[in-house]
There are 2 protein chains.
Amino acid sequence: MLRLSKLTDYATVILSFMAKDKPQVHAAMEIAGVTGIALPTVSKILKLLVNANVLTSTRGAKGGYALARLPEEISIAMVISALEGPIALTECSISQQGCEQASGCDIRGSWNLINQTIHNALESVTLADLIRPAAVPEEVFIPVSSLYQ
Amino acid sequence: MLRLSKLTDYATVILSFMAKDKPQVHAAMEIAGVTGIALPTVSKILKLLVNANVLTSTRGAKGGYALARLPEEISIAMVISALEGPIALTECSISQQGCEQASGCDIRGSWNLINQTIHNALESVTLADLIRPAAVPEEVFIPVSSLYQ
DNA sequence: TTAAATAGGACTAGAATAGTCCCAATTACT
DNA sequence: AGTAATTGGGACTATTCTAGTCCTATTTAA
């Protein structure tokens, strides 16, 4: 289904809330209450986002989490890779140690192009875009095929 | 990891072989031999591709599988959805019956945009592109962010 | 009639995901 | 100093998904 994990989905909900809400620091419990996501799950996600430098954390009483940078500077690609590791559609795009398909597999270069395309698409959408009221355009223009000419 | 299933990966290898090779009809066993993928797995994939109208099949002795249309007319998006179902990154993009996130989830519209973007990217790459020797361009231009202005 | 194929589905084993829980470390407040 | 409120890091379990195999029925060429 070419899908993101549920955790990534949650992460966007959490980050959207944090980007929209004024106070800089939010405790995990607060976020759980607002979003309706179970606390242990929220904690897990927040920790992953800290490790990826999307969030900063403060420990101790009155501690919590805050965005590490402006919503405009947090891309969806960053969020996805924080939760799921590198963005790559196929195995062989990650580990370069040749696939077992002895013959016929010189399509790797093409996959790289597709990966690049999708990565760029995800890179170009930021958290700021997500919380903006969605004005869906009539047409989305992706001139990938033209690259082959 | 935002990854495709292994079966989809295999499917592209199989289809690439079929697109490159002259004879119109290939038996599953032949394809298994050439690609190095186990026969039962090849069969499974071929059946799925037939159901998605990417391939046509002929039963009986001397039967086999053939492309249902020209390589230029078979998009990667078709292949992916044949193997994995609809292309949609998030759950709520598929089933429209509102997610449980009571508050704060009006980012669905934005996800739809991202889905659309990626779908278009995958739609624009065809089987013909895959078998073409990959001339990877220096830059891939995706003007998604400009849509928000 | 037989052999070579696909059609369709059931089935199993393994891997990945989602989700929970525990305990250590840190910090604010009294 | 002590306590409560937090995050940090990991272990753990259950469930779901994926990969892969296999069986039987159907179709068709020779």
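Order of the sequence lines fixes the chain letters, A, B, ..., with proteins taken first and strands second; residue numbering starts at 1 for each chain. Heavy-atom basis, side chains included; hydrogens, waters and symmetry copies ignored. In this text, all values refer to a predicted model and were calculated from it rather than measured experimentally.
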Between B/Glu84 (side chain only) and B/Leu4 (backbone N and O only), is there a donor and an acceptor less than 3.5 Å apart? no

Give a yes/no on whether any side-chain N or O of A/Tyr10 is located under 4.0 angstrom from OP1 or OP2 of C/dG19. yes

Residues of residues 38-45 of chain B with any non-hydrogen atom less than 4.0 angstrom from an atom of DNA chain D: list those, numerically ordered, please. B/Ala38, B/Pro40, B/Thr41, B/Lys44

Indicate whether the side chain of B/Thr126 and that of B/Glu72 have a donor and an acceptor atom separated by less than 3.5 Å. no

Within the 4.0 Å heavy-atom criterion, would you say A/Lys47 contacts the bases, only the backbone, or no part of the nucleic acid? base

Minimum heavy-atom distance B/Pro71-B/Ala19, with the two atoms named: CG-CB, 4.0 Å

Taking OP1 and OP2 of C/dG19, is either one under 4.0 Å from a side-chain nitrogen or oxygen of A/Lys6? yes

Compare side-chain N and O positions of A/Asn51 against OP1 and OP2 of D/dG9 and report whether any pair is under 4.0 Å apart. yes

Of the options D/dA29, D/dG8, D/dT7, whose atoms approach the side-chain atoms of A/Val50 most closely? D/dG8

Among C/dT6, D/dA5, C/dA18, the nucleotide that comes nearest once only the side chain of B/Ala27 is considered: C/dT6

Selected nucleotide, minimal atom distance to B/Arg59 side chain, candidates D/dT7, D/dT26, C/dA18: D/dT26

Measuring to OP1 and OP2 of C/dA7, would you say a side-chain N or O of B/Tyr65 lies under 4.0 angstrom away? yes

A/Gly60 vs A/Ser5, nearer the 5' end of DNA chain C by closest nucleotide: A/Ser5

Mark yes when over 12 heavy atoms from residues, nucleotides or ligands other than A/Gln24 sit less than 6.0 Å from its CD; otherwise mark no. no

Quick one: pull up CG in B/Leu15 and CG in B/Leu46 and give me the separation to the nearest 0.5 Å. 8.0 Å

Using a 4.0 Å heavy-atom cut-off, does B/Leu46 contact any base of the nucleic acid, only the sugar-phosphate backbone, or nothing at all? nothing

